[in-house]
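I have placed the structure first, in the form of C-alpha cells, so that the comments after it can refer back to it.
All chains are named by letter (A, B, ...) in the order of the sequence lines, taking the proteins before the strands, and each is independently numbered beginning at 1.
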Amino acid sequence: MELSAKYNPAETEDKWYAYWLENKFFHSEPDSREPYTVVIPPPNVTGILHMGHVLNNTLNDVLVRKARMDGKNACWVPGTDHASIATESKVVAKLKAEGISKEDLTREEFLRHAWEWKEKHGGIILSQLRKLGASCDWDRTKFTMDPDLSEAVINTFVYFYNKGYIYRGVRMVNWDPVGLTAVSDEEVIHRDTTSKFYHLRYYISDGQGNPTDKYLIIATTRPETIMADAAICINPADERYHWLKGKKVLIPLINKEIPVIEDSYVEMEFGTGCLKVTPAHDVNDYEIGIRHNLPVLDIIDDHGRLNEKAQILVGEDRFDARRKIEDMLREAGNLEKVEDYTSPVGYSERTNAVIEPRLSMQWFLKMDALAKDALESVESGKVKLIPDKYRNTYRHWMENVRDWCISRQLWWGQQIPAYYLPDGQVVVAQTPEKALELAREIMPEVGADDLRQDEDVLDTWFSSWLWPISVFDTNKAGHPDAEPNRDLAYYYPTNDLVTGPDILFFWVARMIMAGNEFMNDVPFRNVYLTGIVRDKLGRKMSKTLGNSPDPLVLIDKYGADGVRLGMLLCSSAGNDILFDESQVEQGRNFCNKIWNAYRLVTGWNVDESANQPEASAVAVKWFAAKLNEVLETVEDHYGKFRISDALMAIYKLFWDGFCSWYLEIVKPAYGAGIDKATYEATISFFDSLLKMIHPFMPFITEELWQNMASRKDGETIMLQRMPVAGEYDKNFIQDFEMACETVVAIRGIRQQKGLSPKDSLKLNVGAGFPENVMSVVVKLANVVPAENGAESQESGVSFMVRTVKMSVPLTGLVNEEEEIAKLEADLEYQESFLASVRKKLSNEKFVSGAPEKVVAMERKKEADSLSKIESIKASLAAYGK
RNA sequence: GGGAGCAUAGCUCAGUUGGUUCAGAGCGUCUGCCUUACAAGCAGAGGGUCGGGGGUUCGACUCCCUCUGCUCCCACCA
C-alpha cells in the first residue's frame, strides 16, 4: 500500500470511530474482570463543545483507554444534564424570538416547546465528543430528565422529606430578577462593582409625623429602598448618637415615621454610624428585623421593579428608580452628598443579573449532617482530591455550608412532589395518588382535584448529585436499604472523576453526600481537578472575548489526535491551561512523525541472507531496555495522574529514542535489504510504541496497527494489552548513552570545522570507553577508531565524554591557539571544581554528618575530576604546553 | 475582611522525604542542511544569581521568616 508523505486524519478518523462503534468495543457489561468506571460530568443538554470539554474528555478518554488496555472492564457512562435555568432561559429566548411569551403559555404547553427544543438541539455535544474520539459506552447514554432518572430524584426528595431533612420556609434568598427564580448561594458570583454612596438626611420627627430641624445622616448604596425602611439603627455604645435614643425619624419623600433602634451589629466606624434597616431587601437587615420585631415591607417585585407599596416610582426598574430618586432627594433637600464607592455585588451565575436579596417561600435541604460525612470522606482519604491543595478549600466549604435552597421557580426540571391541601397543609409523595392517600389521612373528604402540586422544580444539582448512582440504578437513590442492581453492584463506586474545580462544591461534594447517604460508600476514589482553559494571554476563554477556538474547526484542521495532544501537552494537573494553537500544531506534527516512521519501516525489504550488523544488534538491545525503562516511568506517572508527563515521556521515546537514534542506526543503506532479526525487532518495537501512544492518539495508532499486519475483522488496538515493563540492563543504557554523547560531540566538531558527514574521520578513544557500543559511534558519526584505542600524539580536536578522553585528529584543520585556549579554560574549570569538592571533603562535619552515599559520590567526583585534569594536561602537553 | 496557592530559560512547565555532575524538559530562538521516512523535517548551538532580603544547615530551587508581584476561593460592613 502506497502511503502519502503526510498523514491525513480526515481519511482515517471517522472510519475507525465507526468501526469501534459497530463492534461495540466501548460497550461494557459486568463480568469477572475488575471494573474501571467513569461517569462523564454531564454537559448541558443544549451545550456545544468548548475547549474545557476537550480538556476534560481527552483526559477521561486517556484514563479509560489505558484501563481498557490494562485488561480492566472499562465503562465510561456518557450523558447530559437538563440544566434547568440555563435551558429554560434558552427556550424562553427562542420563544420570544417567535413572538411567544412564556407568560401566555400553560406549564404543559411550555414543556412541550422545551422538549421539542431538547430533541432538536439536545445532545449535539455528544456527537461532537465522538469526533474527539471519546470511547464512551453510548448504549448507556443518560439524561438527567429521563423518566427513570427523574423518578430517582423524586424518590430522593421524598426520602429526605420523610427523614426530616427537607423543610419549607420563608427565608431570605438570592433572587434572580431576570431568570425569575431563586438561586443557591453557590450560584451567586460576587464582583467588586463601582457604585455610589448616598448620604441622606433623615429628619427627626416631632412625634406628630412632622419634621423638626434636626436630622441624622445615613449612608446607603441603595436609596431606592428607603421606602421599605423599618427603622434606623445605631450602636448602643455610640455616644455620638445617644441623643437619638427613643426618637423617631421620617423617611424622606414619603414622610413615614420609623423608630431609632439600637443593635451592636452596627459598625460605628463605617459610613456615618447610622444604618437604615430594610428587612425585606437585605439579609442582615432581615436578621436585625427579627431581633427587633420590625415589620417587613417588600417593595420590589419579581422583575426587580418597585411595586405599589413603594408609594413612589411605582413600576420603575430598581436601577432607574435609583437614578430618579437621587434627583428627588436632592430637590427635597435630603441629599447631603454622593460619593463614589466600590463594593462587592452579587450577580447571577446564569443570567448575570444583579441578585436581589428577597424574602420568599422556598424548600431547603438541611446540610449539616450530610456535610459532616462528606468532609470525613475526603479527610480520611476515601476520596482523593488531585491535586490535594483543594482539600483546604473543600474543608472550609464543608464546615461553613448553609442549608441548600433546592426549589426553583422554573418549569424545566423535576416538579417538587409536594401537594397542598385546600387548607394549606402539605403532603409529600412520589405520585399524586400516594399524595391523595396521605391527604385523606389528614382530611378524609379531600378529592384528587382538591390537591394542588407545588409549582416549583428542583435545582439541577439535586438531580446530578445522584449521577454516579442513577446512571446505573434508578431505584437505589432514595432507597438506601434496597439491594443495588447488578450494574450498580459491579460498577459502583466509580474509579476516577475528571472535572473542573469550579464545580467542586456544586457537584463533587454533593455527589459524595448522596453516595454516602444511599450507597454508604463514596461515589469515586479519585477526583482529578483540571485547570481552567485560558488563552495564551491567560484570559478565560469566553464568547464575548472571542478567544475561544471552536474545537471542531481545530479537529478539521489538525485532526482529533493532534487536538488531543495539543491539549494534553500543556495540562499539568490543577494548573490553569494556557492554550495556544501552536500546541495543536505540535500534536499534528507528532502524528506526521509517527506516520513517516511507519512509512520508513514498512518500506524495508527483508533480506533473508543478510546478517545482523553489530550496530543493529546493539541498537535492538538498547531499545528493548529503553522501552522497559520508559514503560516503568510512564506507569508511575499514570499512577500519580501526571498525564502530561506520561505523554511527554512517550513522545520523547518515540521521537528521540526510536526515530533519531534507533531507526538511524538500523536503517539499511539505500537499496539494501534489512536482516530479519532487526526487522522483526523493529516491528515489535513499533507495535509496543503504538500501544503506548494509543490512549493519547487513538485514531492514528489504530490506522497503523491495522495496517502493519493482516488483522481479522473485529480486532483492534484498543483491546490489546498494554506492554508491561520487564527487567532491563540499566548499565547498558548508560553505555549506549555514552555512544550517543560521543556521536553528538563528533557531529559538533564537524559542524564547527565545516566537515561533511560523508568524510570519514579518525577517532582516538581513551581508556574507559565501553567497547560494546563502539559500532554505533562508527555508524552514526562515520569514524574509524584508532587501533587499540591508543592515545595519539597527532594534533586534533579533543573532547571529554563523561570521564573518557577522546580526540579527532585533524591535521591542518586545527587552530592550535584556539584549541589550547579551550583546553586551558577546561582545565581552569576542572581545577576549581576539584577545589570545591575537596573543600567539602575536608570539612569534618560534612564527612561525618552526610550520608555515606553522598560522601562516596563526592569522592567519585574527586577522582573523576582528577582523571579529567590528567587528560587535559596530557592534551596540552601534546601541544608542547 | 478571612483563607489558600503560585513566582525556576523568551513561553509553558518538571524538579516526588534537603545531598546522584541538579539547575532540567517541550516549544520558541540562532546556525548549517531539500542527507535516498518525514522542511509538519534533520544536525548543531546559545539561553536561568531558581522573584528580593534574611535565617536554619556541613550542604537550600527544596525548610523557616520577611518583602514584592500575581492568581484563586470564601465573605452580609450598610
Subject >> Short side-chain N/O contact to B:C42 OP1/OP2 from A:Trp655, under 4.0 Å >> reply: yes
Original post:
OP1, OP2 of B:G5 versus side-chain N and O of A:Lys389: anything below 4.0 Å?
Top reply: no
Original post:
OP1 or OP2 of B:U36 less than 4.0 angstrom from a side-chain nitrogen or oxygen of A:Arg599, does that happen here?
Top reply: no
Subject >> Same-atom distance (C1') from B:G32 to B:G69, integer angstrom >> reply: 42 Å
**OP:** Specify the separation, in whole Å, of atom CG of A:Asn400 and atom C1' of B:A4.
**Re:** 14 Å
**OP:** For residues A:His199 and A:Phe197, establish whether the separation of their ring centroids is below 6.0 Å.
**Re:** yes
Original post:
Is there side-chain contact between A:Leu647 and A:His637, with heavy atoms separated by less than 4.5 Å?
Top reply: no
Subject >> Given B:A78, B:A75, B:A37, the nucleotide with the shortest approach to the side chain of A:Ala597 >> reply: B:A37
Subject >> Phosphate contact (B:A14 OP1 or OP2) by A:Lys640 side-chain N/O below 4.0 Å >> reply: no
**OP:** Return no unless some side-chain N or O of A:Asn589 is found under 4.0 Å from OP1 or OP2 of B:C38.
**Re:** no
Original post:
Within less than 4.0 Å of OP1 or OP2 of B:G41, is there a side-chain N or O belonging to A:Tyr7?
Top reply: no
Original post:
Going by modelled atom types, is there a donor-acceptor pair between the base of B:A40 and the side chain of A:Arg588 at under 3.5 Å?
Top reply: yes
Original post:
Quick one: does A:Gln583 reach the base of B:U12 with a side-chain donor-acceptor pair under 3.5 Å?
Top reply: no
Subject >> Close aromatic pair by centroid cut-off 6.0 Å: A:Tyr662 and A:Phe658 >> reply: yes
Original post:
Counting only distance, no hydrogens or angles, is the base of B:C38 paired donor-acceptor with the side chain of A:Lys593 under 3.5 Å?
Top reply: yes
Subject >> Pair of N/O donor and acceptor under 3.5 Å linking B:A37 base with A:Glu664 side chain >> reply: yes
Subject >> Identified side-chain hydrogen bond (donor to acceptor under 3.5 Å, both in side chains) counterpart of A:Tyr558 within the set A:Gln586, A:Arg588, A:Glu581, A:Arg564 >> reply: A:Glu581
Original post:
Can you check whether A:Tyr341 has a side-chain N or O nearer than 4.0 Å to OP1 or OP2 of B:A78?
Top reply: yes
**OP:** Give the C-alpha distance, both sets of side-chain angles, the deciding distance and a yes or no for salt bridge (Lys or Arg N to Asp or Glu O under 4.0 Å) between A:Glu224 and A:Arg318.
**Re:** CA-CA 7 Å; A:Glu224 75 279 12; A:Arg318 52 198 166 141; over 6 Å; no
**OP:** Please state whether the base of B:C76 and the side chain of A:Asn284 form at least one donor-acceptor pair under 3.5 Å?
**Re:** yes
**OP:** Measure from the side chain of A:Leu275, starting at C-beta and using heavy atoms only, and say which of B:A78, B:A43, B:C58 lies closest.
**Re:** B:A78
Original post:
Taking the C1' atom of each, how far is B:U68 from B:G26, in whole Å?
Top reply: 30 Å
Subject >> Whole-Å distance separating the OH atom of A:Tyr390 from the C1' atom of B:U71 >> reply: 11 Å
Original post:
Picking from B:G26, B:A37, B:U12, which would you name as closest to the side chain of A:Leu578?
Top reply: B:U12
**OP:** Could you tell me the separation between the CG atom of A:Asp192 and the P atom of B:C72, rounded to a whole number of Å?
**Re:** 12 Å
Subject >> Phosphate contact (B:A43 OP1 or OP2) by A:Ser660 side-chain N/O below 4.0 Å >> reply: yes
Original post:
Is any side-chain nitrogen or oxygen of A:Arg222 closer than 4.0 Å to OP1 or OP2 of B:C76?
Top reply: no
